[in-house]
Amino acid sequence: MEKDQFILAIETSCDETAMSIIKNGCEVVSNVVASQIDSHKRFGGVVPEIASRHHIEQITIVLEETLQKANMDMNAIDAIAVTEGPGLVGALLIGVAAAKSLAFAHQKPLIGVHHIAGHIYANRLVEEFQFPLLSLVVSGGHTEIILMRDHGEFEVIGETRDDAAGEAYDKVAKTLGLPYPGGPHIDRLAQEGEDQFQFTRALLHEDSYDFSFSGLKTAVMNTLHNAKQKGQELSDVNLAASFQASVIDVLVEKTYRAAKEYGVKQLIVAGGVAANKGLRKALEEKFSAEKDLELLIPPFHLCTDNAAMIGAAASIAYEQGHRAKLDLNANPSLSLEKYAKRSKKTPV
Amino acid sequence: MKVLAIDTSNQVMSVAVLNQQEVVVDYTTNVKKNHSVRLMPAIHTAMKEAGLTPSDLDLVAVAQGPGSFTGVRIGVTTAKTMAYSLNIPIVPVSSLNIAAFNGLPFEGKICSFFDARRGRVYAGLYQSNGEELEEVWDEENILFTDWLERLKELNEKVLFISNDVSLHRETIEEVLGEQALFSPPYLNVPRAAALGYVAQKKRAVDAHQVVPNYLRLAEAEAKWLEKNQEKQNHE
Ligand SMILES: [Zn+2]
């Protein structure tokens, strides 16, 4: 039996300061998330400068808690992993600076991780991958269908052409006067309503796996606006249900088609929107008849941003020989495919 | 006592290693380049030149701001993470104070400032006795002309130290005339060596407590406060 591998992972791409220690790529030893959501609520969204200010206040406190919960010190760590992008640049920079500082101070290898690769690898903390697999990544910043033929190989076969699904949720929630973040509120309302408005299913009949949600968002806003001008009251639950039905129909249908085309063994749902009850139910219904295709949706705390997922992705990258140098920078628009093609670097 | 000192709060990036009061390495650049990319390699080089490994360090000193929000955060994050994880003390020092140290031999008033755009500066005023600096006024983010008017009322010579002095020299001379003294350009560049030196005379701070001194609210925060104060006034 080889020696166990321990990775300390850092994630600060948005408004959570998160660190985790992952054993052998699939076991969570400790997982700490300091959320800033209360600080951003009054602005109706994440304010980048304020996010950065919170990260720097939290960074060593979260590190202490992560080590304490694992009952470990830095000597026991084999490598330091960090989200290098995509995300808010000022926020990413705090994690990257901290990771480089730890790697240097304790002479440990450094591994840069793509945030979305992390979201996908969150599932490996629950169950081993079987290739080829497909991942539907839906979050505030992302709506993508990714094909993986092997570990560390990412092929984006579909993505949003405008807003991310989560972004559309937040904007529609704001129009309905729901508090930030709006996704869970819409999901809750949608459970009580009906698809009364039958909004367009964007790009559904197009021969591509791309998405578009900005038209839908506008349609919801216009419907609300027109009703207001006529002095009519619309049902919030039906609006929410109609919006959600349109989003989910497209997500589920396109993912299903892609899964069939590529003959995948697993479908992994990742990202914050994977916590959406409506989406989970629709996917379960659609995929339940597929005997050779396993549907994987991670538990809620692994769907939202966390560092355990970064550690899980880093573990494979570490085994594959990927090392970042001390000049590692935050890359707010890092593409997953470019990341997958990165060369194996050696440290300075 | 082996000290690592880090200042990335403005365009200048300065890293120094000191052994007690003696400067071993002082690595300083004054170029418009990315601190995030260059700081760790610079620390690596400085430590290597000093023949030290991280575990040899006894103290980390860091420039705490004011300055570029991002620049300050890169230095402070690097320093506090290192100090915390190596379990050694950390001493944050005002970036303005570090700059003013270049004027230490001048026994009088020293004003250091950083340009903060739209006519504003981050400014500090210190009194030097040739050995130590004493803060005369609280550091401020202020309209430079207002700050200069206040200096004028002092009615004594003031030595200006600033890497941004060329942007404001005319204004300074207009308001203060003969009262204003200037340094040769090489003394306008803040040095981490001074930071490492002064840090050893100051009390260490718990790493968790070390945060930048921005001297300015985040814009969203300022706007929010303004709006909510207005609301309150109307109620
Ligand atoms: Zn995410």
Side-chain angles (χ1 to χ4, degrees), chain A residues 8 10 12 17 19 39-40 42-67 73-75 77 80 84 89-108 110 324-331 347-348, chain B residues 4 6 8 33-48 53-57 60 62 64-65 68-88 90 206-212 214 216-225 227-228:
Chain A
L8 172 69
I10 304 174
T12 62
T17 317
M19 289 196 205
S39 301
H40 297 282
R42 62 193 160 118
F43 303 112
V46 176
V47 181
E49 173 60 24
I50 290 173
S52 304
R53 290 185 177 200
H54 281 295
H55 284 309
I56 197 167
E57 287 163 13
Q58 290 296 320
I59 198 87
T60 55
I61 298 170
V62 171
L63 173 61
E64 179 168 87
E65 203 181 326
T66 305
L67 289 167
D73 62 24
M74 289 303 299
N75 293 322
I77 302 295
I80 313 291
E84 59 176 296
V89 65
L92 288 164
L93 277 171
I94 304 299
V96 169
K100 293 198 290 186
S101 187
L102 285 174
F104 171 74
H106 302 275
Q107 315 276 299
K108 307 285 183 191
L110 176 68
K325 293 196 284 185
L326 290 179
D327 66 356
L328 179 71
N329 197 10
N331 185 346
V348 274
Chain B
L4 174 66
I6 300 165
T8 57
K33 280 188 184 168
N34 192 317
H35 290 325
S36 166
V37 171
R38 296 161 67 241
L39 177 61
M40 273 324 295
I43 292 174
H44 182 261
T45 304
M47 292 286 288
K48 207 166 122 188
T53 62
S55 56
D56 296 327
L57 290 173
V60 177
V62 68
Q64 193 182 12
S68 134
F69 292 171
T70 300
V72 173
R73 280 196 287 262
I74 289 168
V76 170
T77 305
T78 304
K80 76 187 275 191
T81 307
M82 196 176 299
Y84 170 76
S85 75
L86 290 170
N87 197 18
I88 55 175
I90 177 167
D206 176 20
H208 293 334
Q209 308 298 327
V210 178
V211 289
Y214 300 104
R216 218 173 80 193
L217 290 173
E219 213 174 298
E221 182 94 45
K223 277 189 185 151
W224 187 87
L225 283 174
K227 215 169 92 189
N228 283 273

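Throughout, a chain's letter reflects where its sequence line sits, starting with A, and its residues are numbered from 1.
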Check whether [X] gets within reach of chain A through its side chain, its backbone, both or neither, counting any heavy atom under 4.5 Å.
X        : answer
B:Ser85  : both
B:Val37  : both
B:Asn228 : neither

Sequence neighbours left out, what pairs pass salt bridge (Lys or Arg N to Asp or Glu O under 4.0 Å) with at least one residue falling in residues 72-83 of chain B?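 Every salt bridge (Lys or Arg N to Asp or Glu O under 4.0 Å) pair that includes a residue of residues 72-83 of chain B, provided the two are not neighbours, is A:Glu49-B:Arg73.
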Max heavy-atom pair count under 4.5 Å with chain B, selected residue of A:Arg53, A:His106, A:Gln107, A:Met74: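 Highest number of heavy-atom pairs under 4.5 Å: A:Arg53.
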Shorter than 4.5 Å, heavy atoms on both sides: which option in A:Ile59, A:Leu93, A:Thr60, A:Ile50 has the most such pairs with chain B?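 Highest number of heavy-atom pairs under 4.5 Å: A:Thr60.
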Side chain to side chain, A:Lys100 and B:Ser36, heavy atoms closer than 4.5 Å: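 They are in side-chain contact.
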Measure across B:Pro41 and A:Leu326 and return the closest heavy-atom pair with its distance rounded to 0.1 Å.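 Smallest heavy-atom distance, with atoms named: CD-O, 3.4 Å.
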Exercise: identify the closest heavy-atom pair between A:Ala105 and B:Leu86: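 Minimum heavy-atom contact is O-CD2, 3.8 Å.
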Against chain A, work out which of B:Val211, B:Leu57, B:Thr78, B:Ile74 has the most heavy-atom pairs shorter than 4.5 Å and name it.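 So the answer, after comparing B:Val211, B:Leu57, B:Thr78, B:Ile74, is B:Thr78.
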Quick one: list whatever passes side chain to side chain contact (heavy atoms under 4.5 Å, CB included) with A:Glu64, sequence neighbours left out.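 So A:Glu64 forms a side chain to side chain contact (heavy atoms under 4.5 Å, CB included) with A:Gln68, B:Tyr84, B:His208.
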Which bit of A:Phe43 is near chain B, if near means a heavy-atom gap under 4.5 Å: side chain, backbone, both or neither?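 Just its side chain gets close to chain B.
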